[in-house]
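Some notes on the structure that comes next.
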Amino acid sequence: MRNTVPLPLFSFIPIFFIFFSETLALNPKCEIQDHGSTLQVFHIFSPCSPFKPSKPLSWEQTVLDQQAKDQARVQYLSSLAVARKSIVPIASGRQIIQSPTYIVRAKIGSPPQTLLLAMDTSNDAAWIPCAGCVGCPSSTFFDPAKSTSFKKLSCADSQCKQVPNPTCDGSACVFNLTYGGSTIAANLVQDTVTLATDPVPGYTLGCIQKATGNSVPPQGLLGLGRGPLSWLSQTQNLYQSTFSYCLPSFKSPNFSGSLRLGPVAQPIRIKFTPLLKNPRRPSLYYVNLEGIRVGRKIVDIPPAALAFNTATGAGTIFDSGTVFTRLVEPAYIAVRDEFRNRVGKNLTVTSLGGFDTCYTVPIVAPAITFIFSGMNVTLPQDNILIHSTAGSTTCLAMAAAPTNVNSVLNVIANMQQQNHRILYDVPNSRLGVARELCTS
Ligand SMILES: *[C@@H]1O[C@H](CO)[C@@H](O)[C@H](O)[C@H]1NC(C)=O
Ligand SMILES: *[C@@H]1O[C@H](CO)[C@@H](O)[C@H](O)[C@H]1NC(C)=O
Ligand SMILES: *[C@@H]1O[C@H](CO)[C@@H](O)[C@H](O)[C@H]1NC(C)=O
Ligand SMILES: *[C@@H]1O[C@H](CO)[C@@H](O)[C@H](O)[C@H]1NC(C)=O
């Protein structure tokens, strides 16, 4: 049996800035009316996305580049210190953060202006490029002058204390932050934000005036983390800090999934594991990963590699912005070795960039099951393997977390979440997972 499937394409900010096409709106054929509290989610490389590369990249180049960006993102997630401020500096120094892979359509202001925001479960704040922005990457801006509900926040407003490096420009609250290789200077503002059909008046967000570098998502960021200025915190009355998403696979014909806001219409048939909060990294969604099964065998992982620890910040998170799952080294090696055994001891293993378990002949892969507290998630092959265009190379789509002092975080990434519904139920402190073919 040949496992030949179409090329999975991944996207990375620096590259798509070079190549993305000029139309900065969704392909009109892709727009379906958002209904109720559910909205469409697109992969940035989908045919619907204006950010898809206008010139295809080689598969090898794509994978190599993706690996480097993922590595930086995991390093960043690992190194987050205690954040008392809800917009934490995203990274320091030369770290580059891969921008999140999925976008949603937001309507901002009155009358509404449409922007495609990158969805990020590991960040809190929202920020958008505003008219007159110097150095913003796209030619699509939010124009405050055209919105009757727009308001600048002043230094005296309490929200001004929740942003990094706030300063006063006259009485207006302005702040600077670092995001990957970029720096951003923004006004703290409020306006009506609508994601699906419910308008949220007076939503607090950053209105970018100046940006440097190339890590800023072209039309802004939507933080779905747990801090005080996140979407969850600001819409608590409306959506009760509850949301779910289904991330479409690169391979699905329509390339669109969904983000469902609030407790209404969430799946009933879904498995749950407790959601944990780690004071070291309070924005992140932690769960307890107890073990990993490859085929029928629970692999031998030192307990410390999976332990949840509030002193060190160690543990396992779900993240929408990392592409390939990263396990701390001893856990990854145990999984990989058993995977290789099961695929066939006599097959030649090759590597590709940061992937160390690749084959140039067709393989049958064992199922991989994440054993969380109270919930087992068995991944189908599409969530485990990536295949090259010609079907000649197949790799295990996971890797070891970067080995440094902060390497204590296991990250369940978006490739492994695709075609599943992931439900974040903060009030009940639980995270749900159910198989679902993402369509909307
Ligand atoms: C999605 O796929 C279905 C079936 O393949 C097709 O009928 C429909 O037009 C597609 N929708 C979009 C938005 O492309
Ligand atoms: C913030 O960034 C702006 C523009 O780059 C700069 O002029 C200003 O000095 C910075 N402010 C702080 C507090 O770093
Ligand atoms: C190698 O493994 C495959 C699949 O497990 C098997 O079909 C084949 O006979 C093996 N070849 C050798 C030389 O052992
Ligand atoms: C998950 O799998 C493990 C190991 O196979 C098993 O012992 C456990 O009962 C399962 N848990 C659930 C909730 O199904």
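Residue numbers run from 1 in the order of the sequence given. Start at 1 and go down the list; that is how both ligands and their atoms are numbered.
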> Judged by modelled atom types alone, do Arg421 and Ser244 share a side-chain donor-acceptor pair under 3.5 Å?
Replying inline: yes
> Taking only residues two or more places apart in sequence, or in another chain, which ones meet Asn187 in a side chain to side chain contact (heavy atoms under 4.5 Å, CB included)?
Replying inline: Lys152, Val174, Val189, Cys207, Gln209
> To the nearest 0.5 Å, what is the distance between CZ (Phe370) and OG1 (Thr325)?
Replying inline: 5.0 Å
>> Tell me whether the rings of Phe372 and Phe318 are parallel (<30°), tilted (30 to 60°) or perpendicular (>60°).
In response: tilted
> Measuring from each atom of ligand 4, which residues have a heavy atom under 4.0 Å away?
Replying inline: Arg293, Ile298, Ile371, Gly374, Asn376
Validation: residues 426-435 side-chain donor-acceptor distances under 3.5 Å, sequence neighbours left out:
unit_1, atom_1, unit_2, atom_2, d
Asn428, ND2, Asp425, OD1, 3.2
Asn428, ND2, Asp425, OD2, 3.0
Arg430, NE, Asp425, OD2, 2.8
Arg430, NH2, Asp425, OD2, 3.3

> Which of the numbered atoms in ligand 2 are below 4.0 angstrom from a heavy atom of Thr167?
Replying inline: 13 (C)
> Can you list the residues that meet the ring-ring contact (aromatic ring centres under 6.0 Å, His included) rule with Tyr332, with sequence neighbours excluded?
Replying inline: none
>> I want to know if ligand 2 touches Asn176 in the polar sense, i.e. an N/O pair below 3.5 angstrom.
In response: yes
> Taking atom CG of Asp337 as the centre, does the number of heavy atoms from other residues, nucleotides or ligands within less than 6.0 Å exceed 12?
Replying inline: yes
